[in-house]
J.: 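Encoded as structure tokens, here's the structure I'll be asking about.
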2 protein chains.
Amino acid sequence: MSKARRATMTDVAREVGVTAKTVSRVVNDEGPVSEETRARVLAAMTRLGFQPNLMARNMRVGARDSTIGLVIPDMGNPFFGTVASAVEAAVRPRGLTLIVGSSEETPERERSLISTFLARRVTALLVVPSAGGDHRPMRTERSAGLPLVFLDRPANGLTADAVVSSNRGGARAGVAHLVAHGHRRVAFVGDVPALYTRRERFQGYRDALAEAGIPYDRSLVEVGHDHEAAAAAVARVLAGRDPATAVFAANNFASTGVVLGLASLRRRDVALVGFDDLPLAEVLDPPLTVIAQDPAAIGRAAAELLIARLNGDRSRAQVVTVPTRLIARGSGELPLADP
Amino acid sequence: MSKARRATMTDVAREVGVTAKTVSRVVNDEGPVSEETRARVLAAMTRLGFQPNLMARNMRVGARDSTIGLVIPDMGNPFFGTVASAVEAAVRPRGLTLIVGSSEETPERERSLISTFLARRVTALLVVPSAGGDHRPMRTERSAGLPLVFLDRPANGLTADAVVSSNRGGARAGVAHLVAHGHRRVAFVGDVPALYTRRERFQGYRDALAEAGIPYDRSLVEVGHDHEAAAAAVARVLAGRDPATAVFAANNFASTGVVLGLASLRRRDVALVGFDDLPLAEVLDPPLTVIAQDPAAIGRAAAELLIARLNGDRSRAQVVTVPTRLIARGSGELPLADP
DNA sequence: TTGTAAGCGTTATCAT
DNA sequence: ATGATAACGCTTACAA
């Protein structure tokens with residue numbers, strides 16, 4: 001069973017006894033076509049299972065096709081999923097289709113995906129840059145007029161539109177909240193230092209400590225990029241002879257991991273503030289206090305920026321910061337236990 | 001600032017003083033090119049910011065391009081995110097790029113996405129069918145040799161490869177588990193009845209009741225498609241004069257909603273088994289007993305099926321069922337309280 | 001109402 | 001080692 005060649009316009013035309021151009025007219029509802037030919041063409045189209053080849057069309061028309069590409073680091077993280085959904089919802093009414101690829105947080109995969117999208121001549125490109133990537137090569141695209149928006153993290157080595165959370169301010173507020181409840185030994189569990197969001201949130205952590213006159217202690221800073229690592233990290237910061245009494249978890253995976261870690265240590269006395277909200281936050285014991293991000297707002301803002309660019313906005317690149325919000329639920333208000 | 005036209009091979013060729021074909025040779029590392037020309041071409045390419053136009057290439061070569069399309073109903077649901085990640089990981093080593101679009105669980109969006117992918121001549125298509133969709137039109141694609149695999153739910157009106165969870169058996173095991181702990185008033189909180197997975201899991205629920213000789217009671221069956229709805233649903237089944245003493249939640253959103261609902265009712269005595277695992281299941285109070293699915297295995301199985309088809313496997317369509325696993329953590333083992 | 005010719009950016013084929 | 005020409009499937013511009 002040889003792989004059947006896909007029917008083309010010419011095939012349909014031959015079948016009906018007309019020219020490709022006539023079929024084209026029917027397909028695009030353009031120009032005058034007699035009712036009879038139209039009917040016969042349509043019949044032949046279904047008979048042959050004809051699907052217009054969009055690549056050929058776009059090439060001829062010169063138009064970029066109506067898809068916009070989005071590169072995210074991880075499909076399994078609901079944060080990025082929600083961002084993607086919001087972008088989708090915002091661009092769809094404009095007749096644009098969102099297609100998403102995952103870079104798995106590696107610069108190499110990211111480059112390759114961006115190439116794929118560019119080579120397919122997407123209408124616009126949205127990128128959540130992975131740590132260590134270099135976006136200078138995309139300068140060309142930008143000056144060629146390709147709308148380009150960076151999400152959650154700004155571009156590296158390139159001035160371009162970006163939408164980010166209020167990472168530093170949010171983290172500072174979260175840590176200050178813990179300090180306000182008497183804690184002076186506050187651990188930081190976050191991503192690898194190479195990550196923009198982790199750097200910003202870490203700065204916020206240090207801001208809050210500095211404001212409170214609390215000396216910075218390196219041994220309270222841990223990397224917890226997934227649940228297991230974060231659970232192990234929290235065990236370490238609670239183990240020393242001058243242990244942490246509170247923890248700031250710098251992202252949703254870290255929060256989950258810390259919660260799991262505290263539970264397995266049967267520690268209910270450790271205060272915790274997490275960055276990014278969790279669906280089950282309020283039923284945890286104690287309920288989880290968080291610095292909530294607004295992933296949907298991030299997606300919407302990025303889509304707006306992008307659409308403005310598509311509509312010819314040539315103003316200079318701007319960085320939109322989406323505010324975060326402290327939601328006190330219990331875990332962040334645990335007081336410092338008297339020793 | 002007029003939109004700069006993107007550089008083409010001919011542009012590069014002219015710049016260097018050679019033919020497009022020579023540039024093509026350099027780009028594709030194909031055929032003999034003198035070291036000197038190669039260098040000059042490469043230089044011109046970067047200078048002009050040349051990016052080969054994949055659409056043109058694919059058109060000429062006639063090959064489908066090396067992307068595979070995946071349609072999922074919801075980007076924000078980690079279940080589908082994990083499935084997508086697994087597919088990505090499995091196809092990448094084959095040099096294939098996964099692009100994902102979201103149908104938002106509507107047949108119309110699904111059709112439109114599939115068209116987009118087909119018109120772009122993806123190498124293969126993976127679809128999580130949304131409720132109410134009709135896949136008969138895709139018969140043509142299938143017989144044209146386009147690898148086509150359905151995920152999580154089988155196609156409607158079309159015999160095609162599919163990978164699904166052991167929905168009915170898993171649900172039956174979960175409900176039987178509750179029954180084994182003395183419960184005879186077991187509520188079912190799930191998706192809308194139109195959904196395949198909900199129908200299957202509902203059948204499993206009824207199987208378990210029938211085996212135990214427990215009469216089916218319609219008033220214990222509720223729809224909870226999101227957290228709020230599920231929380232409201234659980235309140236209803238606990239309210240009547242012959243209330244439920246146990247709940248089976250038929251998906252991860254329903255589980256979360258039921259947990260939230262029980263918490264706000266301050267009910268810790270209601271037994272609960274959820275379909276699909278949650279990251280925080282074990283720290284809930286009581287820890288959540290689940291019928292765990294294996295989304296990664298589903299993604300991998302789909303990718304394997306797809307790759308086999310790409311390699312010319314023309315055997316008849318098969319449906320792969322991925323087993324589920326009961327994980328007892330506490331909530332499902334709460335005994336029936338003596339009245 | 002329909003057709004013809006040319007061309008979008010590539011590459012296959014056959015020359016040179 | 002390089003080039004000329006045609007072709008992929010479609011649409012534009014102009015004829016018939």
Side-chain angles (χ1 to χ4, degrees), chain A residues 3-42 44-45 48-66 115-116 118-123 144 146, chain B residues 3-42 44-45 48-66 115-116 118-122 144:
Chain A
K3 177 168 293 193
R5 200 179 56 89
R6 175 172 286 282
T8 115
M9 267 196 182
T10 323
D11 296 334
V12 177
R14 189 173 27 232
E15 177 95 353
V16 182
V18 294
T19 321
K21 177 68 231 196
T22 304
V23 179
S24 165
R25 288 201 175 93
V26 174
V27 170
N28 300 304
D29 256 333
E30 161 230 287
V33 179
S34 81
E35 257 325 308
E36 199 225 324
T37 1
R38 144 173 271 99
R40 285 170 51 220
V41 167
L42 287 173
M45 274 172 42
L48 270 53
F50 170 75
Q51 289 268 145
N53 185 331
L54 249 204
M55 297 192 306
R57 167 173 224 287
N58 286 329
M59 202 172 85
R60 172 65 239 223
V61 175
R64 305 192 146 271
D65 68 9
S66 59
S115 291
T116 303
L118 289 178
R120 285 155 163 288
R121 301 296 188 258
V122 292
T123 298
L146 201 243
Chain B
K3 177 166 294 190
R5 202 178 55 88
R6 173 172 286 285
T8 113
M9 268 196 181
T10 322
D11 297 333
V12 177
R14 190 174 25 235
E15 177 95 354
V16 181
V18 294
T19 319
K21 179 68 225 196
T22 304
V23 178
S24 167
R25 288 201 175 94
V26 173
V27 170
N28 300 303
D29 258 334
E30 161 230 287
V33 180
S34 81
E35 257 325 308
E36 200 224 325
T37 3
R38 144 173 270 100
R40 286 170 51 220
V41 167
L42 288 173
M45 275 173 40
L48 270 51
F50 170 74
Q51 290 267 146
N53 186 331
L54 248 204
M55 296 192 306
R57 167 172 225 286
N58 286 330
M59 201 173 87
R60 171 65 240 220
V61 175
R64 309 194 144 268
D65 68 9
S66 59
S115 291
T116 304
L118 288 179
R120 293 229 155 50
R121 301 296 189 257
V122 292

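A note on names: the letters A, B, ... follow the listed sequences, proteins ahead of strands, and every chain is numbered from 1. Only a predicted model underlies this, so the values are computations on that prediction, with no experimental measurement involved.
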J.: Starting the side chain at C-beta, find the nucleotide from dA12(C), dT2(C), dG9(D) nearest to T22(A).
T.: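 Side chain of T22(A) sits closest to dT2(C).
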J.: Could you give the CZ-to-P distance, from R120(B) to dC8(D), as a whole number of Å?
T.: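 So the two atoms are 22 Å apart, to the nearest Å.
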J.: Which nucleotide wins on minimum distance to the side chain of N53(B), given the candidates dT4(C), dT10(C), dT2(D)?
T.: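 Nearest nucleotide to the side chain: dT10(C).
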J.: Counting only side-chain heavy atoms from C-beta out, which of dT2(C), dT2(D), dT13(C) sits nearest to K21(B)?
T.: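 The answer is dT13(C).
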J.: Output the rounded distance in Å from CZ (R57(B)) to P (dC10(D)).
T.: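 After rounding, the gap between these two atoms is 20 Å.
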J.: Spell out yes or no: do the side chain of R25(B) and the base of dG3(D) have one donor N/O and one acceptor N/O closer than 3.5 Å?
T.: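 Answer yes: a donor N or O sits under 3.5 Å from an acceptor.
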J.: Of the nucleotides dG3(D), dT10(C), dG3(C), which has the atom closest to the V18(B) side chain?
T.: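 For the V18(B) side chain, the nearest candidate turns out to be dG3(D).
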J.: Whole-Å distance between dC8(C) P and M55(A) CE?
T.: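 M55(A) atom CE is separated from dC8(C) atom P by 18 Å.
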J.: When you get a sec, tell me which of dA4(D), dT11(D), dA7(D) is the closest nucleotide to the side chain of R60(B)?
T.: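 For the R60(B) side chain, the nearest candidate turns out to be dA7(D).
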J.: Tell me: CG of N58(B) to C1' of dC10(D), nearest whole Å?
T.: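 Result: 15 Å.
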J.: In whole angstrom, what separates R121(B)'s CZ from dG9(D)'s P?
T.: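 In whole Å, dG9(D) P and R121(B) CZ are 9 Å from each other.
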J.: Side-chain N or O of T37(A) versus OP1/OP2 of dT2(C): is the shortest distance under 4.0 Å?
T.: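 Answer yes for this pair, as a side-chain N or O of T37(A) is under 4.0 Å from OP1 or OP2.
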J.: Can you identify which nucleotide, out of dA12(C), dG3(C), dG7(C), has its nearest atom closest to the E30(B) side chain?
T.: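 Comparing dA12(C), dG3(C), dG7(C) against the side chain of E30(B), the answer is dA12(C).
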J.: Return no unless some side-chain N or O of S34(A) is found under 4.0 Å from OP1 or OP2 of dT2(C).
T.: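 Affirmative; the distance criterion is met.
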